Amino acid sequence: MPTPHVLILGGTTEARRLAAALAERADVRVTTSLAGRVTRPGAVDGEVRVGGFGGAQGLAAWLAEQRVSSVVDATHPFAAGITANAAEAAALTGVPLVVLRRPGWRPGPGDRWHPVDSLDAAARELPRLGRRAFLTTGRLGLAAFAHLTDTHLLVRSVEPPEPPLPPRLEVILARGPFTVADETALLREHRIDVLVTKDSGGDATAAKLTAARARGLPVVVVRRPALPEGIHAVPDVPQVLERLGFRPG
Ligand code: NAP
């Protein structure tokens, strides 16, 4: 029987952990696919390919050429385009698909969350909640805030943002994880009065929510896009391994 070949659609910590778990097994070939948005991505175990496939058809062709036996979509919860393509390519080729999604965050006592459905809706909500906002929604979505002339925007991203940019913008280049102490100091030093975040979930970037709660700040939380119809995600790497039929270790 040929060695099973697992394609991981990556770009997340969970994708890297899954690649590490599969790469240490002799009975499987693992390839991680990265979009190529970040110039210096962290190390990934196993084989790596970089760049788009050319839509669902292109991905389907790649699955057939490379004799992929299973696809794991371990992309970010807001990467809806590649997730839709993965579902379509799986349907076209019959290659089984497992979707890994870390659970979303839940508000706790003391949180002042304002859930919205998009970055545009977040930008509409912002002026009535504060004048100095900390935006942690990523450098690629800044165009949605470009018309806000009266709101000071502090943006943190791994790579510098590109135009169109909001007029009153301050950029901090940094890569998580961040501690509650880091986030509290940042909110205080920059006199932030409102936080904007996507519901990315996970521990690596949750400290800002704890810090905002402690300071009594409102938080605009962008909800996740829905998964394609009929797709049910699993929340962690052990459950992916189980779905793929690999025993742990
Ligand atoms: P997206 O809008 O869903 O995807 C746009 C296009 O980028 C896809 O159609 C595909 O091009 C290509 N692509 C995306 N992920 C790919 C992958 N893992 N391997 C190969 N091609 C990929 O994606 P996005 O929101 O721009 O995110 C891009 C990557 O960054 C994802 O891998 C995601 O895990 C990671 N990321 C995203 C966010 C976020 O907030 N969106 C945050 C952190 C990390 P083709 O159609 O040509 O195949």
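Computed from a predicted model, the values in this text were never measured in an experiment.
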TODO: Determine, for Arg156 against Glu183, whether the closest basic-nitrogen to carboxylate-oxygen distance falls under 4.0 angstrom.
DONE: yes
Open item on the list: Under a 3.5 Å distance rule, please check whether Asp199 uses its side chain to pair with a backbone N or O of Trp105 as donor and acceptor.
Closed with: yes
Task: Nearest heavy atoms of Ala23 and Asp45, plus distance in Å - done: CB-CB, 3.7 Å
TODO: Measure the shortest side-chain to side-chain distance between Leu241 and Leu22 over non-hydrogen atoms and say whether it is less than 4.5 angstrom.
DONE: yes
- [ ] For Arg49 and Thr31, indicate whether the former's side chain and the latter's backbone hold a donor-acceptor pair under 3.5 Å.
- [x] no
Task: Donor-acceptor under 3.5 Å (Arg112 side chain, Val219 main chain) - done: no
Open item on the list: Donor-acceptor pair, distance only, cut-off 3.5 Å: does the side chain of Arg131 make one with the backbone of His152?
Closed with: no
- [ ] Rounded to the nearest 0.5 Å, what's the gap from CD1 on Ile8 to CG on Leu34? Could you check?
- [x] 10.0 Å
Open item on the list: With a 4.5 Å cut-off on side-chain heavy atoms, are Phe78 and Val222 touching?
Closed with: yes
Open item on the list: Just so I know, are the side chains of Leu59 and Val71 near enough to count as touching, which here means a heavy-atom distance under 4.5 Å?
Closed with: no
TODO: Could you grab the distance from atom NZ of Lys198 to atom OG1 of Thr205, nearest 0.5 Å is fine?
DONE: 11.0 Å
- [ ] Supply the atom-to-atom distance Phe53 CZ to Ile82 CD1, rounded to the nearest 0.5 angstrom.
- [x] 6.0 Å
Task: Contact check, side chains of Arg67 and His5, non-hydrogen atoms, under 4.5 Å - done: no
- [ ] Please answer whether the main-chain N or O of Val196 pairs with a side-chain N or O of Thr136 as donor and acceptor at a distance below 3.5 Å.
- [x] yes
Open item on the list: Under the rule for ring pair (Phe, Tyr, Trp, His ring centres under 6.0 Å), what residues qualify as partners of Phe178, not counting sequence neighbours?
Closed with: none
Open item on the list: Any side-chain to backbone donor/acceptor pair from Ser157 onto Pro160? Under 3.5 Å, distance only.
Closed with: no
- [ ] Mark yes or no for whether His190, through its side chain, and Phe134, through its backbone, hold a donor-acceptor pair below 3.5 Å.
- [x] no
Task: Steps toward salt bridge (Lys or Arg N to Asp or Glu O under 4.0 Å) verdict (Arg101, Asp73) - done: CA-CA 8 Å; Arg101 281 292 179 279; Asp73 171 8; 3.4 Å; yes
- [ ] Please examine the side chains of Phe145 and Leu169, heavy atoms only from C-beta on, and report whether any two atoms are closer than 4.5 Å.
- [x] no
Open item on the list: Keeping Arg139 on the side-chain end and Glu162 on the backbone end, is there a donor-acceptor pair under 3.5 Å?
Closed with: no
- [ ] Working to the nearest 0.5 Å, report the span between CG of Leu18 and CG of Leu244.
- [x] 7.0 Å
Task: Distance-minimising heavy-atom pair for Ala15 and Thr12 - done: N-OG1, 3.1 Å
Open item on the list: To the nearest 0.5 Å, what is the distance between NE2 on His114 and CD on Glu125?
Closed with: 6.5 Å
Task: Leu195 CG to Lys208 NZ distance, which is reported to the nearest 0.5 Å - done: 6.5 Å
Task: Any Val234 side-chain heavy atom under 4.5 Å of Arg243 side chain - done: yes
